[in-house]
Amino acid sequence: MLKLENIKTYYGNIQALKGVDIQISEGEIITLIGANGAGKTTTLMSISGIAPPRSGKIEFFGKDITNLAPNHIVSMGISHVPEGRRIFPDLTVQENLDIGAFLRKDKEDIAKDLNYVTELFPILKKRRKQAGGTLSGGEQQMLAISRALMGRPKLLLLDEPSLGLAPIIVQKIFEIIKEINSKNKTTIFLVEQNANQALKIANRGYVMENGKIILSDTSENLLTNKEVKKAYLGGE
Amino acid sequence: MTTDISASKIDGIKKSVYTALWFMFLTFPIMVIKVNTIDNIIIWRWENMFFIGAGSFILSFIWRYMISKNEMKSEDSTGILQTFSEKITSEKKIYIPIIIAAAVFVIAFPFIFSMYNTNIMITALIYVMLGLGLNIVVGISGHLFLGYAAFYAAGAYTYALLNHHFDISFWFALPIGAAIGAVIGILLGFPVLRLKGDYLAIVTLGFGEIVRLILENWNDFSFGPSGIANIPRPPLFNLKLSLSEAIVYLYFIMVVLCIFTVFIIRRLEDSRIGRALVALREDETACQAMGIDKTKIKLTAFALGTTWAGMGGVLFAAKTTFVNPSSFTIWESIMVLCIVVLGGMGSIVGVIIGAMILILLPEYLRAFSEYRMIIFGIVLVLMMIFRPGGIVTSVRKNYKFELESK
């Protein structure tokens with residue numbers, strides 16, 4: 001469904017992506033792992049149009065979305081959960097979720113999706129009228145994911161959902177990511193530093209280094225791959 | 001505990017003494033020494049030194065006391081005034097009589113007070129409108145905007161010129177002025193889209209001055225510094241109104257327009273666009289990720305804000321019946337910004353109170369003649385120290401922790 005071909009993205013004069021090729025099929029969970037500064041976040045930003053690539057081609061369901069504005073890309077069904085959650089601290093949880101459905105006009109379906117996310121994360125129902133900024137880190141991450149789901153995406157881009165969270169909450173969030181994938185057939189593109197966790201729920205994985213994909217394989221193979229183990233999984 | 005307090009008191013006295021000494025020293029050359037150039041002698045006015053010492057000691061002591069009190073307050077409670085204002089707005093029993101009383105007062109005002117007072121009140125109401133308009137840009141969307149007077153001028157000159165050349169009446173000029181305000185807002189918006197904070201302030205400041213200079217120097221277009229006179233007041237059907245009647249009429253037009261402004265802004269705050277404005281203020285990247293068109297929303301904010309300035313300008317022209325560029329200086333922009341900041345950013349009631357205080361206070365302080373601007377300045381400084389959030393701190397939502405009722 002999503003195809004990246006030789007994507008090169010720059011921040012000013014600095015080249016962050018040096019030709020990235022990624023393919024994602026419908027219904028998959030794909031993970032992109034790599035060290036700090038490898039270009040994982042930039043890859044997601046390029047897909048969602050926030051940091052548009054200078055050259056290369058991004059196709060979504062066969063349509064060229066390379067140079068579309070972010071709002072058009074969101075309306076085509078790609079939702080992005082940015083790194084560091086970035087919820088709106090002064091808006092209430094409910095308002096945060098409403099912003100997630102900003103481009104949609106179908107009120108009934110929005111209500112349905114609201115139900116869906118509060119089933120996934122019951123805590124959000126309790127916190128509905130609370131300001132986003134008063135939530136705990138884990139709750140904020142849940143809110144950020146829910147906010148993205150309110151756009152009813154076909155493809156969900158997740159940027160480091162485990163960032164700064166306690167291991168037990170990370171576990172929970174990964175379980176729910178899997179549930180989102182299996183229940184609604186939402187394709188998920190997961191960027192993670194927590195390679196171990198990410199590979200456990202993903203079908204396939206890409207390994208990134210210095211703005212390039214250096215390895216791609218099924219999760220099982222990557223988990224047992226010696227190089228990957230040494231560099232990212234911290235095992236022997 | 002008690003020794004602690006007395007120790008801090010002694011410390012405060014000590015510091016105040018130092019302050020007093022310092023002031024005595026600083027003002028010594030101008031307050032004590034007086035050179036009599038006729039007799040070539042120096043007069044030593046030592047009694048002045050004593051007054052300055054005593055005065056600065058007392059002021060400094062009160063200052064310290066207020067600050068320590070303010071700190072203590074913020075330690076043990078989260079602001080009494082805030083809960084007080086919340087109480088007023090949440091309980092119907094309290095706020096309905098208040099609204100009725102206010103309405104009666106507003107309607108009776110021009111009949112109770114003199115024409116002079118009514119006239120000042122019209123000015124204050126124009127500033128309420130300007131403040132509410134700028135509040136959309138500064139308070140809700142968080143763009144620091146310093147050229148508001150330019151749009152105010154655009155509105156005023158729209159009416160003045162249209163009337164001068166084409167005899168267009170007030171009621172037609174009002175929407176045209178508003179539209180021109182919006183259009184110029186969007187035109188200015190495009191080049192400054194990427195700017196934020198101080199940079200935006202500087203650019204808009206420059207824009208305001210450019211507009212004023214154009215009006216001042218382009219004689220063929222705007223009649224230069226001599227301005228345009230004999231602008232008619234708003235007509236009421238075809239009746240001939242006397243001056244005082246016309247002013248009362250304008251007062252009511254102003255009241256209705258202010259209510260209209262408040263109504264629109266209330267609707268805006270709860271709307272999709274209003275929420276997008278707040279969201280964009282808080283996090284641009286997240287907004288983009290949610291599919292909010294940054295450009296469109298920002299320009300909307302600008303246009304929504306400057307519309308009211310255009311409208312306010314038309315009303316200003318109709319009120320004074322004369323416009324010239326000196327009415328639209330940078331001071332005007334700063335005044336409106338002060339209203340928004342002092343009143344409380346993002347709060348409608350705050351902006352209204354702020355406009356009333358900032359416009360009415362200098363007028364009624366005329367009794368103090370040249371000291372009035374000093375008093376005005378002191379009030380502003382004290383306000384920002386003791387209530388930095390503005391008179392009415394904007395409470396977007398009351399956050400209540402709901403307990404699970406299962």
Side-chain angles (χ1 to χ4, degrees), chain A residues 41 44-45 47-52 68-105 122-123 125-135 143-144 147-148 150-151 153 156-157 159, chain B residues 78 82 86 90 135 138-143 190 193-194 266-301 344-347 389-390 393-406:
Chain A
T41 297
L44 288 193
M45 299 276 231
I47 297 170
S48 63
I50 297 172
L68 284 184
N71 52 318
H72 292 297
I73 293 175
V74 174
S75 69
M76 289 179 75
I78 298 181
S79 280
H80 184 176
V81 181
E83 187 178 7
R85 309 187 275 268
R86 286 182 175 264
I87 54 149
F88 305 112
D90 276 358
L91 296 180
T92 62
V93 168
Q94 178 68 53
E95 286 171 325
N96 265 286
L97 292 174
D98 288 346
I99 293 267
F102 185 77
L103 291 173
R104 293 171 62 188
K105 300 248 159 62
I123 187 83
K125 206 171 188 176
K126 262 196 278 172
R127 300 265 188 264
R128 232 183 57 203
K129 288 183 179 162
Q130 218 171 303
T134 63
L135 302 185
L143 177 57
R147 189 179 60 180
M150 287 303 288
L156 184 64
L157 308 175
D159 199 345
Chain B
T78 47
Q82 190 168 309
E86 249 173 48
S90 62
N135 192 28
V138 177
I140 300 177
S141 344
H143 301 299
F190 268 114
L193 268 177
R194 289 162 166 273
R266 278 300 291 267
R267 299 284 304 176
L268 174 73
E269 275 182 346
D270 291 335
S271 73
R272 214 165 135 262
I273 291 177
R275 211 167 292 145
L277 290 178
V278 179
L280 201 61
R281 179 186 72 197
E282 292 188 353
D283 197 323
E284 284 195 7
T285 311
C287 273
Q288 280 182 302
M290 292 300 105
I292 293 173
D293 188 343
K294 210 165 79 173
T295 315
K296 213 164 99 189
I297 294 294
K298 267 195 185 174
L299 290 179
T300 313
M345 291 222 252
S347 150
T393 316
S394 145
V395 189
R396 272 189 45 79
K397 290 276 143 65
N398 18 357
Y399 313 129
K400 279 192 188 124
F401 292 82
E402 285 178 18
L403 290 170
E404 208 169 7
S405 51
K406 275 178 197 171

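So that the names make sense, note that chain A is the first sequence line, chain B the second, and so on, each numbered from 1. Owing to the predicted nature of the structure, the values given are computational and were not obtained by experimental measurement.
- When Thr285(B), Asp283(B), Thr295(B) are compared by the number of non-hydrogen pairs under 4.5 Å with chain A, Asp283(B) comes out ahead.
- If you measure heavy-atom distances from Arg147(A) to chain B, the contacts under 4.5 Å come from both the backbone and the side chain.
- Minimum interatomic distance between Arg86(A) and Ala286(B) (heavy atoms only, all atoms of both residues): O-CB, 3.2 Å.
- By the 4.5 Å heavy-atom criterion applied to side chains, Arg281(B) and Asp90(A) are counted as neighbours.
- When all heavy atoms of Ala289(B) and Val74(A) are compared, the closest pair comes out as O-CG2, 3.4 Å.
- Applying the side-chain hydrogen bond (donor to acceptor under 3.5 Å, both in side chains) criterion to Ser48(A), with sequence neighbours excluded, gives His80(A).
- Remark: Phe88(A) CZ to Leu280(B) CG distance equals 8.5 Å, nearest 0.5 Å.
- Residue-environment remark: CZ (Arg272(B)) exceeds the threshold of 12 foreign heavy atoms within 6.0 Å.
- When heavy atoms are compared at a cutoff of 4.5 Å, Met45(A) approaches chain B solely by way of its side chain, counted from C-beta outward.
- For Asp98(A), the side chain to side chain contact (heavy atoms under 4.5 Å, CB included) criterion is met by Gln94(A), Arg275(B), not counting sequence neighbours.
- Going from atom CE of Met290(B) over to atom CG of Leu97(A) covers 10.0 Å, rounded to the nearest 0.5 Å.
- Note that the NZ atom of Lys294(B) and the CG atom of Asn71(A) stand 11.5 Å from one another [nearest 0.5 Å].
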